[in-house]
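Report on one structure; see the data block that follows.
Worth saying up front: this structure is predicted, and the values here are computed from it rather than measured.
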Amino acid sequence: MVTYHISRDCVVLLLSPGPRPDWGVLRWAVQALLLSAGFPAWADMEAELFCLEGRFLLIARPRSPRLRRLAEPFPRLRRS
């Protein structure tokens with residue numbers, strides 16, 4: 001594994017040639033890299049995995065919060 005970029009908003013990894021990596025291992029690796037670089041670990045992330053000639057490129061970002069409720073309709077509570 002070769003790390004190309006670590007920031008608060010993105011982690012980019014170029015993985016060594018081999019079989020397709022497990023998502024659990026990739027999640028753990030991203031969290032460990034963030035912590036080792038002094039950034040807070042993300043609560044949740046979204047990631048894209050690209051493959052070319054047996055090598056994998058992983059681009060991971062923190063997942064943004066939901067913009068709407070998943071199940072509708074729920075009554076909204078009015079606060080005074």
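In plain terms, the two heavy atoms of L15 and P21 that are nearest each other are CD1-CG, 3.5 Å. Scanning all heavy atoms of the two residues, the minimum distance from S7 to L34 falls at O-CD2, 3.5 Å.
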Under the side chain to side chain contact (heavy atoms under 4.5 Å, CB included) rule, what do L33 and W28 come out as? Steps first, then yes or no, please.
CA-CA 9 Å; L33 287 168; W28 177 85; over 6 Å; no
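Residues in residues 4-17 take part in no salt bridge (charged side-chain N to carboxylate O under 4.0 Å, His left out) pair, two or more places apart or across chains. Evaluation of the salt bridge (charged side-chain N to carboxylate O under 4.0 Å, His left out) test over residues 14-43, restricted to residues two or more places apart or in two chains, returns R27-D44.
Residues meeting the side chain to side chain contact (heavy atoms under 4.5 Å, CB included) test with Y4, sequence neighbours left out: V2, V12, L14. Taking the side chain to side chain contact (heavy atoms under 4.5 Å, CB included) definition, one finds that L35 meets it with A41, sequence neighbours left out.
The side-chain heavy atoms of L49 and W23, taken from C-beta on, include a pair separated by under 4.5 Å.
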May I have the list of side-chain donor-acceptor pairs in residues 53-62 shorter than 3.5 Å, sequence neighbours left out?
unit_1	atom_1	unit_2	atom_2	d
R61	NH2	E48	OE1	3.1

